[in-house]
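One structure is given below, encoded as structure tokens.
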Amino acid sequence: MKTGFYPGCSMKGSAREYSESLLAVSQALGRELPEIPDWNCCGATAAHNLDRDLALALPARILAAAEKDGMYEVLVPCAACYSRLSVTRHELLGDEDLRRKISGLIEADYRGTARVLNIVEWLGGIPDLESKVRKPFAHKVACYYGCLLVRPAGIVNFDRPEEPRSMDLLMKKIGADPLDWAFKTECCGAGFSVSRTDLVARLSGLILDDAVQRGAEAVIVACPMCHLNLDMRRPNIEKLAGKKYNIPVIYITQALGLAMGIEPKKLGLQRHKVKVKFTQGLAKPPAASITPASAKPTAGAKSASGDSPAEAPFAGPSAKRGA
Amino acid sequence: MARIGVFICHCGENISATVDVKKVAAAASRIPGVAHSVEYKYMCSDPGQQMIKNAVREKNLTGVVVAACSPRMHEPTFRRACAEAGLNPFLCEMANIREHCSWVHEKSDATTNKAIDIVRTLVAKVKKNKALLPIKVPVTKTALVLGGGIAGIQASLDIANAGHKVILVEKQPSIGGHMSQLSETFPTLDCSQCILTPRMVEVAQHPNITLHSYSELESLDGFIGNFKARIRKKARSLDEKLCTGCGLCTQKCPTRKIASEFDAGLGLRPAIYVPFPQAVPNKPVIDREHCTYYLKGKCRLCEKICPTQAIRFDQEDEILEVEVGAVVLATGFDIKHGDFFPEYGYGKYKDVIDGLQFERLASASGPTLGEMRRPSDGRVPETVVFVACAGSRDPAKGIEYCSKICCMYTAKHAMLYKHKVHHGRPYVFYMDIRAGGKMYEEFVRRAQEVDGVQYIRGRVSRIYERGGKLVVKGADTLLGARPMEIEADLVVLATAGVANAGAEELAQKVHVSYDPYYFYSEAHPKLRPVETNTAGIFLAGACQAPKDIPESVAQASGAAAKVAGLFSQSELVREPLIAVVDRQAPPLYSTCVGCFLCQAACPYQAIEKEEIRGRDGRLIKTVAKVNPGLCQGCGTCVALCRSKSIDIQGFSHEQVYAEVLALLNRGESDV
Amino acid sequence: MRSDNHVQHASQALADRVLERTGVEADRCYQCGKCSAGCPLAAEMDFPPSQIMHLLQLREFPEFSEMALRSHTIWLCLTCEICYARCPMEIDIPRIMDALRHEALARNKVNPKAKDILAFHRAFLDSVRTTGRLFEMGQIIDYKLRSRHFLQDMLQAPWMFLVGKLHLLPERVRGRRLLGRIFARTLKAKEKRP
Amino acid sequence: MSDFNPKIVAFVCNWCTYAGADLTGTSRMKYSPQVSIIRFPCTGRIDFMLLLKAFANGADGIIVSGCHPNDCHYSSGNFHARRRWIVFRGLLDFLGIDVRRVRFSWVSAAEGAKWAQLVNDTAEHVRQLGPFSGYHRLRGLGVG
Ligand SMILES: Cc1cc2nc3c(=O)[nH]c(=O)nc-3n(C[C@H](O)[C@H](O)[C@H](O)COP(=O)(O)OP(=O)(O)OC[C@H]3O[C@@H](n4cnc5c(N)ncnc54)[C@H](O)[C@@H]3O)c2cc1C
Ligand SMILES: Cc1cc2nc3c(=O)[nH]c(=O)nc-3n(C[C@H](O)[C@H](O)[C@H](O)COP(=O)(O)OP(=O)(O)OC[C@H]3O[C@@H](n4cnc5c(N)ncnc54)[C@H](O)[C@@H]3O)c2cc1C
Ligand code: SF4
Ligand code: SF4
Ligand code: SF4
Ligand code: SF4
Ligand code: SF4
Ligand code: SF4
Ligand code: SF4
Ligand code: SF4
């Protein structure tokens, strides 16, 4: 009974620090994460954009390999890969003919025994995470779930598609103050990072702007694609918006690692485009990480920080109204 | 031995032109058991009827078949004639040789033969007919009205004014229902309280109406004309007879920060309270969930201050038993609220409110005294977005139907807002405008043309807060579905109208059926819209489906007319064509095996369980029993019963089997 | 069973082909517009998602189906699933978009404005086909050749390399022969590229 | 076979189809005389053993007709009938009776013409099927 690990291509390249931080954290937690033997690319957006069978076959081969290796669940930290793998499992388990057809394509019998886990689910399943915290990550954070972690609800089925809370709860456990903000699940531009950088700059810009307006010190992500768009595409975003955003974008595992006292370098924080400045002392955030626009918190920011979604998601008179 | 008389009618030429009536009469006379067979020009004429009466007396007939027109036309005529001659009317049948024979076939032997077949069939049936006595049930001329909204109020007043007693039971401390919460009402924009309060007072003062407020139905047994109801009068924690309604207690109570139900959570009330100033009865109740004394054992300030010593902390609920002849359900509806619209931030942002909250904001008696101020910071909203169909027509949210009233009240809200904030900008996001009613379309047009409300056709996708404003993301589907954003100060959701939380429980208590959304089902969607499938229980108002005030009132008056009709006689006489369960001598008692398939199938909840006990009180078996007050004689149970233990009078197994055999020209002896 | 043979059913209405392949009924759409209101790229699209649904619904008018197939929309759709999550009729729009893209590709009806997007997808899959995994460096070069956007991202690549995010050599999967066969049986079998 | 005059029994409900057949008469529409009607309060009352009984005693065809769904005078009787009809079809098959000899239909009180049509169609249909000859077998099964 082992939990397998599917890194996915970007974690070997552009999102290297995600995998570095995940492995550092899992090691500190004493959890082994063996990689699925000889895994391949899940096909990402490109495959399902161009061919349905291919889009099912690539993930099916990965899952079949995991099954063969005796893995009963597979951790897929990249939200995009997670989506492809979940969708594939869902579709193949729901359609026997299709399952047989795809099994034929990948020359292996895919059975669907291995469950697919995203990073939030996996971390959420670790008991007593709080006790591992050495230096509370005492920062105001905006948890960014993006699209594929929570949607489509019928397939991923682990948090609600609007106003999700699971990541905020995790952040609370490590001492952070998760903000109530508006762009938790709005799209960052996803796979258009290279082909339509203009669109990515616009969509990601909206996300950063809201986080900054509400006084967030960092955006927490669980997807290399989100990170790429929000961090590496920062110059494009700033150019379009005509202003600077210094807010860092941090993988959930990096935040956790910092709280557990793991050395920033091991977490790959130096590889970010936007410098993560509160890596050492973990005390006060530098003023520079907040743009002038957020210096005077708006009414929204005030009420938002007042009741963080994790503890009182729906405070308000109408919710408590009697019959 | 049967002595059947057969009377064949010519109907002028209507029958005799195609059917050889003489031949039919001759053939009939040869059927075993037929003692008399004649034909005549007009059977329904006075001489025709007289012929039948004479024959019944002179020939000692045990049954009569009139071969003429459709029984739907003249069955009552001939049954009455038989009764007058001393023959039980249920021993008379009609053979339809006009509509089903002479009018639809050409003149021929085949047609005459068919007429003979029909006569033979009915003769076979009538031989198996049994004398039946009409069912008489006494009627208690008191009505129980459940729910004191506008529908319950109207029904109570109409019944009371017809001279009958009414017991009105209202769950809340005051009657008035949702209408009392409304500011102004469409399509005339007259003040809701102004037209409602006089009726509430009338209820309180009417000599024929007994009002039990702050009360609920415990149980209901019995059947039409003869119900027994148990009513729980919840403890108000004060002696209503002593309390003068001076209001000192409510002013002095130190526990004052409780969200007011009447103000839809936008205002506050004390622990001892009257829901609103015009309440009927105008006596407070102590809310034990919040009162400091009940929570912590200290305070009793109200007791000290009350000039009449009316407060009773140890008062207990009281159970009343009443007998009533009819029940009117008028328990109304609710609108959806709570955490069902996360993408709109409903329940999260203070300035995303629902329709009833807007009514309170607009009401001169509301928390802002009618000034348009938004809940979060009290500022006057400059831009207000109204979202129609919020949760209605939305299978994903579990509601497929249109809530019917919200298009109208949304137009009203936008208008009221504009009347109060002249420079304000009201926008309505809608899918369709449903304004079918007298002066309704004109009302909506006025909102657009005169008051300048901007209507945008499209459903809002998302609402979130940004810098103290609410960003509303919509699209105008009439403009290429281009997305658009409006920065609003206030958003009003026209949330779906839904059944009351307790609707299902109540339906089960009184045995009426309900639809998948827990709205009560009418007996027929077109022709019996105010009755339920349970005889003697009627519907009024929004408990049946979302509806506006005029419709609620019309239905309430309809229900009241039905009740008054029922109460117009002291006895209810019903045709005895109902089901009966087999009864036998011991040791069998009944062939019924107690499977109760029949009970589940009966649309009228007419089948009960009866325990058969020995002399020593030991339970021998449980069998089905038909309540003659409820059974409508549909026969569904009969077809379903595998042990053939339930039969229907007038359409019994024996009768219909005899008909089939006779029609196929096989005498009983042939089988 | 759903069929993926795009040509065989060409006489059938597009909406019915889509239904057959995806099980998603565009006909259930009642044009509320909530999808278009929430779609992050609706403003960029020639036909926002609700209009794509309507183009399909009018199945007796082949010219409308054609507009859906040739639309820029289907290539802009990010599969962000926002529309599906919020659609009151629970219509899986992204899935319809997938099916439309596949058909547009198979029938050579790709909107010219989608050229860069398509080039990127192809470069990506080529990389996967040959190595089994995405070789980012290789893909970027391939994409640049296809799209002819030579200057774009020139500034990013050296930086990525510096922080250790770009490798100069691809990782190769042992089972890449099998992957080659998978590609041959799927995408390649249907797509005829110049 | 042309001089074969089938015997068809129609089991109809009082509120819709019986009234519909009355309307056929009042409108003086003509139809085949091979059909005779037996009146029931509701299709829900129609026990399908009766249908077998009719076949066992020489009926060549049967019509069962009542109110349209949702129009039942007793609100749900016709749904029960429809449910039973589905079961009954299977039974007919099992007994070797051609299912086409039984017509299950909805005729409302306003559908006089539909009634005439239904009768003529059924008569024609049964005429083509020929006389029902399986009744000896049915009687052997004890249905008679
Ligand atoms: C925001 C809004 C605005 C509206 N504006 C208008 C308008 O301008 N014009 C218009 O014509 N209509 C309007 N309506 C519709 C109007 O409110 C209804 O038509 C009307 O209230 C229906 O009356 P009712 O008596 O059937 O139900 P209700 O008003 O709901 O009354 C039902 C009563 O029964 C009581 N009750 C419930 N359950 C029980 C129980 N188990 N036992 C005893 N008592 C019980 C309740 O406490 C309540 O007093 C509006 C509705 C809303 C939501
Ligand atoms: C095309 C169409 C389709 C419809 N479809 C449906 C439907 O599917 N479902 C539905 O629920 N409703 C439907 N309706 C509506 C339905 O017809 C009406 O609701 C219903 O007929 C109204 O009944 P009534 O008795 O009020 O009026 P009417 O049916 O008009 O009856 C009025 C009667 O009064 C008589 N009369 C008139 N003046 C006098 C006088 N001075 N003295 C004496 N007698 C007089 C008339 O001759 C007539 O017999 C439809 C209507 C139309 C036009
Ligand atoms: S009884 Fe009927 S058939 Fe005979 S005359 Fe009267 S209306 Fe005509
Ligand atoms: S103070 Fe006494 S009399 Fe006055 S309202 Fe309160 S309970 Fe009634
Ligand atoms: S005892 Fe309760 S109701 Fe009375 S004054 Fe005190 S808190 Fe108010
Ligand atoms: S009445 Fe209007 S707003 Fe209400 S559900 Fe129906 S269409 Fe929507
Ligand atoms: S179906 Fe027949 S046997 Fe069963 S309970 Fe009813 S009457 Fe008795
Ligand atoms: S005849 Fe109909 S109403 Fe009467 S008991 Fe049977 S099923 Fe119920
Ligand atoms: S949200 Fe759904 S129903 Fe509404 S327009 Fe879009 S696809 Fe159609
Ligand atoms: S899935 Fe596509 S169509 Fe739907 S909202 Fe996202 S981008 Fe728009």
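Please read all numbers here as calculations on a predicted model, not as lab measurements. Order of the sequence lines fixes the chain letters, A, B, ..., with proteins taken first and strands second; residue numbering starts at 1 for each chain.
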Handout entry: Portion of His105(B) that has a non-hydrogen atom of chain D nearer than 4.5 angstrom
Key = both
Problem - Leu23(D) side, atom CG; Ser70(B) side, atom OG - distance, nearest 0.5 Å - result: 11.0 Å
Handout entry: Whether Arg98(B) side chain and Asp22(D) backbone form a donor-acceptor pair below 3.5 Å
Key = no
Handout entry: Asp47(D), Leu50(D), Ile46(D) screened by side-chain contact (heavy atoms from CB on, under 4.5 Å) with Val656(B), the one that passes
Key = Leu50(D)
Fill in the blank from the handout: Okay, Phe11(D) and chain B: the region with an atom under 4.5 Å from a heavy atom over there is side chain
Problem - Donor-acceptor under 3.5 Å (Lys114(B) side chain, Val35(D) main chain) - result: yes
Exercise for the section: Would you check if Tyr18(D) and His100(B) make a side-chain contact, meaning some heavy-atom pair closer than 4.5 Å? Expected result: yes
Problem - Top contributor to chain D contacts, counting heavy-atom pairs under 4.5 Å, from Ala523(B), Gly633(B), Ala110(B), Cys101(B) - result: Gly633(B)
Fill in the blank from the handout: Interatomic distance, SG@Cys634(B) vs CG@Asn14(D), rounded to 0.5 Å, equals 12.5 Å
Problem - Heavy-atom closest pair, residues Lys30(D) and Trp103(B) - result: NZ-O, 3.0 Å
Practice task
Hey, could you give me the CG/CD1 distance between Leu122(B) and Ile38(D), rounded to the nearest 0.5 Å?
Solution key: 9.0 Å
Fill in the blank from the handout: CG of Leu663(B) to CD1 of Ile8(D), rounded to nearest 0.5 Å, is 11.0 Å
Exercise for the section: Give, as side chain, backbone, both or neither, the part of Ser32(D) having an atom under 4.5 angstrom from any heavy atom of chain B. Expected result: backbone
Exercise for the section: State, yes or no, whether a side-chain contact exists between Val660(B) and Asn57(D) at a heavy-atom distance under 4.5 Å. Expected result: no
Handout entry: Residue Tyr514(B) excluded, over 12 heavy atoms near OH under 6.0 Å
Key = yes
Handout entry: Tyr657(B) side chain reached by Met49(D) side chain, heavy atoms, under 4.5 Å
Key = yes
Problem - Salt bridge present between Glu75(B) and Arg39(D) (N-O < 4.0 angstrom) - result: yes
Practice task
Verify, without hydrogens or angle tests, whether Arg45(D) (side chain) and Ala639(B) (backbone) share a donor-acceptor contact under 3.5 angstrom.
Solution key: no
Problem - Segment of Ala19(D) engaging chain B (4.5 angstrom heavy-atom cut-off) - result: both
Completion exercise
From the list Thr43(D), Val119(D), Thr26(D), the residue making the most non-hydrogen contacts under 4.5 Å with chain B is Thr26(D)
Exercise for the section: Output, in order, the C-alpha distance, side-chain angles, deciding distance and verdict of side-chain contact (heavy atoms from CB on, under 4.5 Å) for Val9(D) and Leu664(B). Expected result: CA-CA 8 Å; Val9(D) 185; Leu664(B) 295 167; 3.9 Å; yes
Handout entry: Residues Lys7(D) and Asp117(B) bridged, charged N to O under 4.0 Å
Key = yes
Fill in the blank from the handout: Highest number of heavy-atom pairs under 4.5 Å with chain D among Glu659(B), Lys125(B), Glu99(B) belongs to Glu99(B)
Fill in the blank from the handout: Okay, Leu527(B) and chain D: the region with an atom under 4.5 Å from a heavy atom over there is neither
Handout entry: Check: Leu661(B) main-chain N/O paired with Lys53(D) side-chain donor or acceptor under 3.5 Å
Key = no
